[in-house]
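Down below is the structure, laid out as structure tokens.
Order of appearance sets the numbers: ligands from 1, and atoms from 1 within every ligand. In what follows, every heavy atom counts, from backbone to side chain, and hydrogens, waters and symmetry copies are set aside.
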Amino acid sequence: FTAVALDNAIKTNQTEIEGNHAGSIIGFSTHKGEQIHARVASSFISFEQAELNLQELGDGDFDRLTEEGKNRWNEILSKIEIEDNDIDNLRTFYSCLYRSVLFPRAFYEINAEGETIHYSPYNGQVLPGYLFTDTGFWDTFRSLFPLLNLIYPSMNEKMQEGLVNAYKESGFLPEWASPGHRDCMVGNNSASVVADAYIKGLQGYDIELLWEALKHGANNHLKGTASGRVAFEAYNRLGYVPNNIGVGQNVARTLEYAYDDWCIMRLAQQLNRPQEEIDLYRERSKNYRFVFDKENNLMRGKNEDGTFQSPFSPYKWGDAFTEGNSWHYTWSVFHDVQGLIDLMGGKENFVSMLDSVFVVPPIYDDSYYGQCIHEIKEMQIMNMGNYAHGNQPIQHMIYLYNYAGQPWKAQYWLREVMDKLYTPYPDGYCGDEDNGQTSAWYIFSALGFYPVCPGQPEYVLGAPLFQKVTLNLPNNKVFVIDARNNNDKNLYIDSAKLNGKKFTRNYLTHDEISSGGELSLKMNAKPNMKRGVRPEDFPYSYSVYKP
Ligand code: CA
């Protein structure tokens, strides 16, 4: 029995159909207990290519294939080995790692000559080389791509080649490939995805062309999509996207463009571009200051004439922000946290604003959306004030305590979030997964460090969840995080050694991890308030590449 379906109408005895939302139904007449093995393959290119893809299954023996699948997953997941006696935490960790590596998805196929080819959603042609899809950079620049760069760099090298191809075929890098260019979310965070990969040593693709793509995307916009920069003219003219020119989410856009400009500046330095180009993007990277309101110590919408948007409520979701409010977006200065501390009037004020996020009530103003969107509900259910971990903008915030000399508060809140918002049960997930980003946050946090600012080859310390972790890195390098007396009470770092030597910094460099070694931590039930407080322990020169 075969049938095809188009737009909900089922037609029997047909085997081919064309159109949107098409499907097929296949039935077999069987005896009781009889087993059917169906071998199915698909292709974005042709029926002939689908037949070729079918050969990947070999003889199609079901048991052998499930065994091979299991082995392949074990190979991928065992890049990180955990030793700990809390089985629930292990289940949560490996479930998160599994979800992290599902995206982006391969969109390429292998032809009869063994060459890598892909159907281009950009120009409709079948062309050589890699292409990947199903990733929104607004989400995944934060820690999903940094996770690939640390643990699975050879995969991201293929993805970077896919970006080269996307630019060749469409003139833009996709901000939300699904596949092709989509009008979804804000920012120009392809700059982060490209810069972080190159700065962390990935190679084998045309970085010069990607550099051209970043410059082009920063100063153009592909109509009807989120690719390039919406309102780039206003941003380049004023330094911010104004609130009153009919472009929504203007503070979110401004903050992300400023960070993206910093990423472009960093790549320009790496590629030895002319000083004027480096200076242009360094200057633009400071644009976050334009939407900072000193009166409230928060980010706030600004009109074209320089006045702030009024009235202002830090509890108002949407409007100047994207799926969040000012409490969530004020921290989106990944690249210049010291600059943000200065704007707030110093470390004390900065810490008090961080504390306030957890202390203010979980109230909200949803008038911009006209309904309570699920991200708001998730924040309320978590019951951590206005800390909204179920959506991406705030996910790096807890780590910022480190920049103001109070690392123990980061350690406390990170454990709270890991324990309460992630569990191995069906309701054990705190919001949108968003192509692996919310899972990648957990992976880094459970290891004990996090890429607060992708594009800077450094990871800010939290505190690990496990007694021992072994990272099996490329080139047979091994990095061990040993925290033997770690448990649900001993959640604070008391002292640390890196490769046997006393270690007082609150960050690790990418090289320190990727070249292999051992971080050993003595944990304690009480915070060590001396550690990470003295300037020499936590230098404010933290941002080595500060704009
Ligand atoms: Ca989200």
Side-chain angles (χ1 to χ4, degrees), residues 95-96 98-105 133-148 174-178 182-190 192-193 225-227 230 248-253 255-256 259-260 299 315-332 334 357 362 364-366 368-382 384-399 417-418 420-422 427-445 450-452 454:
S95 300
C96 281
Y98 163 77
R99 286 189 289 263
S100 294
V101 294
L102 289 176
F103 300 98
R105 289 199 276 205
T133 187
D134 297 349
T135 186
F137 290 158
W138 183 80
D139 301 284
T140 52
F141 84 84
R142 299 163 198 269
S143 67
L144 188 276
F145 274 93
L147 180 68
L148 298 179
E175 294 297 328
W176 224 117
S178 68
R182 292 288 165 272
D183 189 9
C184 190
M185 307 316 286
V186 301
N188 179 218
N189 300 307
S190 51
S192 173
V193 171
T225 76
S227 302
V230 172
Q249 309 168 79
N250 44 297
V251 170
R253 291 185 205 277
L255 294 173
E256 289 176 27
Y259 161 66
D260 299 332
M299 298 295 175
Y315 299 100
K316 187 176 186 188
W317 285 62
D319 199 343
F321 305 97
T322 301
E323 290 178 0
N325 64 28
S326 183
W327 281 118
H328 310 143
Y329 261 95
T330 290
W331 317 105
S332 289
F334 313 92
V357 170
Y364 63 88
D365 172 351
D366 64 1
Y368 176 80
Y369 295 110
Q371 57 169 318
C372 184
I373 59 173
H374 71 83
E375 287 86 353
I376 298 176
K377 268 278 169 288
E378 285 148 12
M379 179 188 81
Q380 287 196 302
I381 291 163
M382 287 169 217
M384 291 185 181
N386 251 258
Y387 183 71
H389 190 85
N391 207 18
Q392 282 67 31
I394 208 166
Q395 287 181 348
H396 66 296
M397 186 206 92
I398 292 175
Y399 287 91
V417 173
M418 283 190 275
K420 290 185 178 160
L421 306 187
Y422 293 82
D427 61 351
Y429 214 62
C430 55
D432 276 348
E433 166 62 302
D434 284 325
N435 310 132
Q437 165 55 30
T438 300
S439 282
W441 181 93
Y442 184 89
I443 298 302
F444 272 118
S445 296
Y450 188 83
V452 167

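The aromatic rings of Tyr422 and Tyr442 sit tilted, their planes meeting at an angle between 30° and 60°.
Here the N, O or S atom of Asp434 that is nearest to the Ca ion (ligand 1) is OD2.
The Ca ion (ligand 1) has no N, O or S atom of Thr438 inside 3.0 Å of it. The Ca ion (ligand 1) has Gln392 among its coordinating residues (N/O/S atom, backbone or side chain, under 3.0 Å).
A cation-pi geometry, defined here as NZ or CZ lying under 6.0 Å from the six-membered ring centre and within 45° of its normal, does not hold between Arg142 and Phe334.
Scored by the side-chain hydrogen bond (donor to acceptor under 3.5 Å, both in side chains) test, Ser332 finds no partners at all (sequence neighbours excluded).
Proximity of Thr438 to Tyr429: side-chain heavy atoms (C-beta onward) are separated by under 4.5 Å at one or more points.
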